[in-house]
Amino acid sequence: MKLIVAIIRPDKLNDVLESLYRAEVKGLTVSRVLGHGGETDAVETYRGTTVKMELHEKVRLEIGVSNPFIEVTVRAILEAACTGEVGDGKIFVVPVENVYRIRTKEKDEAAVTPALH
Ligand SMILES: Nc1ncnc2c1ncn2[C@@H]1O[C@H](COP(=O)(O)OP(=O)(O)OP(=O)(O)O)[C@@H](O)[C@H]1O
Ligand SMILES: [Mg+2]
């Protein structure tokens, strides 16, 4: 299991959600965040050169997936979130120790597989 954390442009959110839906990826968390991609804008101050770190509005997606879904999830985001311009964002694939579905007490694979209602 992995937690796929993607930082994307806010105006790409709908495209990414649609792409994930088509890939049958269900279950995700979306947050508005501020981020910085590492680019530096030098600003002169009376003491010499200092660095201004500008923060940009981004959207953070967190998606817990079982192993068969890692590749399709990453691919769906890579394709839908890309403009080709700097600032498109990043995807982090983070190992997950355990997942529990609180309602049923299911664990791991069973807990990330969408529940049938
Ligand atoms: N190393 C990082 N750790 C955590 N978050 C990051 C990191 N790099 C980028 N981000 C997040 O992703 C957002 C977009 O980053 P950005 O797309 O500018 O990355 P980049 O590596 O500079 O790529 P590009 O060259 O395409 O701009 C940042 O505002 C920040 O929220
Ligand atoms: Mg950047």
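Whatever order the structure lists ligands and atoms in, that order sets their numbers, starting from 1. Residue numbers start at 1 and run along the sequence shown.
The proximity of I7 to ligand 1, defined as any non-hydrogen pair under 4.0 Å, is limited to the side chain. Within the 4.0 Å heavy-atom criterion, the part of K58 lying near ligand 1 is the side chain and not the backbone. Residue contacts with ligand 1, taken as heavy atom pairs separated by less than 4.0 Å, involve H36 solely via the backbone atoms N, CA, C and O.
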Evaluation steps, side-chain contact (heavy atoms from CB on, under 4.5 Å), between M1 and V99: CA-CA 9 Å; M1 294 172 299; V99 180; 3.7 Å; yes
Could you walk me through whether E79 and R75 pass the salt bridge (charged side-chain N to carboxylate O under 4.0 Å, His left out) test, one step at a time? CA-CA 6 Å; E79 278 165 23; R75 205 165 336 109; 5.3 Å; no
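Residue-ligand proximity, D88 to ligand 1, at heavy-atom distances under 4.0 Å covers atoms 17 (O). Atom numbering of ligand 1 starts at 1 in the shown order; those under 4.0 Å from a heavy atom of E39 are 18 (O), 22 (O). Numbered from 1 in the order shown, with element, the atoms of ligand 1 that lie under 4.0 Å from a heavy atom of G87 read 16 (P), 17 (O), 18 (O), 24 (P), 26 (O), 27 (O).
Put simply, the side chain of R101 gets close to the backbone of T113: a donor and an acceptor are under 3.5 Å apart. Put simply, the side chain of H56 never gets that close to the backbone of G35: no donor and acceptor are under 3.5 Å apart. S19 places no side-chain N or O within donor-acceptor distance of the main-chain N or O of D15, the cut-off being under 3.5 Å.
Annotation for P95 and K2: closest pair CA-CD, 4.1 Å, computed over non-hydrogen atoms. The shortest heavy-atom contact between V25 and T73 is CG2-OG1, 3.4 Å.
Considering only residues two or more places apart in sequence or on other chains, T104 meets the side chain to side chain donor-acceptor pair (under 3.5 Å) condition with E106.
The distance criterion of under 3.5 Å between nitrogen or oxygen atoms is not met by F92 with respect to ligand 1. Between E85 and ligand 1, a contact under 3.5 Å exists for no N or O pair.
Environment of CD in E24: sparse, with no more than 12 heavy atoms of neighbouring residues, nucleotides or ligands closer than 6.0 Å.
H56 does not count as a contact of ligand 1, since none of its heavy atoms falls under 4.0 Å from the ligand. Distances shorter than 4.0 angstrom occur between a heavy atom of G89 and an atom of ligand 1.
Of the protein's non-hydrogen atoms, K90 NZ, 3.5 Å is the one closest to atom 19 (O) of ligand 1. The protein non-hydrogen atom at the shortest distance from atom 25 (O) of ligand 1 is V86 CG1, 4.0 Å.
A continuous path of ILVMFWY side-chain contacts below 4.5 Å connects L3 to I7, so both sit in one hydrophobic cluster. Both L20 and V30 are assigned to one and the same hydrophobic cluster, defined by single-linkage of ILVMFWY side chains at heavy-atom distances under 4.5 Å.
Protein atoms that are N, O or S and lie under 2.8 Å from the Mg ion (ligand 2) are these: E39 OE1.
Residues I91 and L61 form no side-chain contact, since every pair of their non-hydrogen atoms from C-beta on lies 4.5 Å or further apart.
Heavy-atom proximity to atom 15 (O) of ligand 1, evaluated over G35, C82, G37, A81, is greatest for G37.
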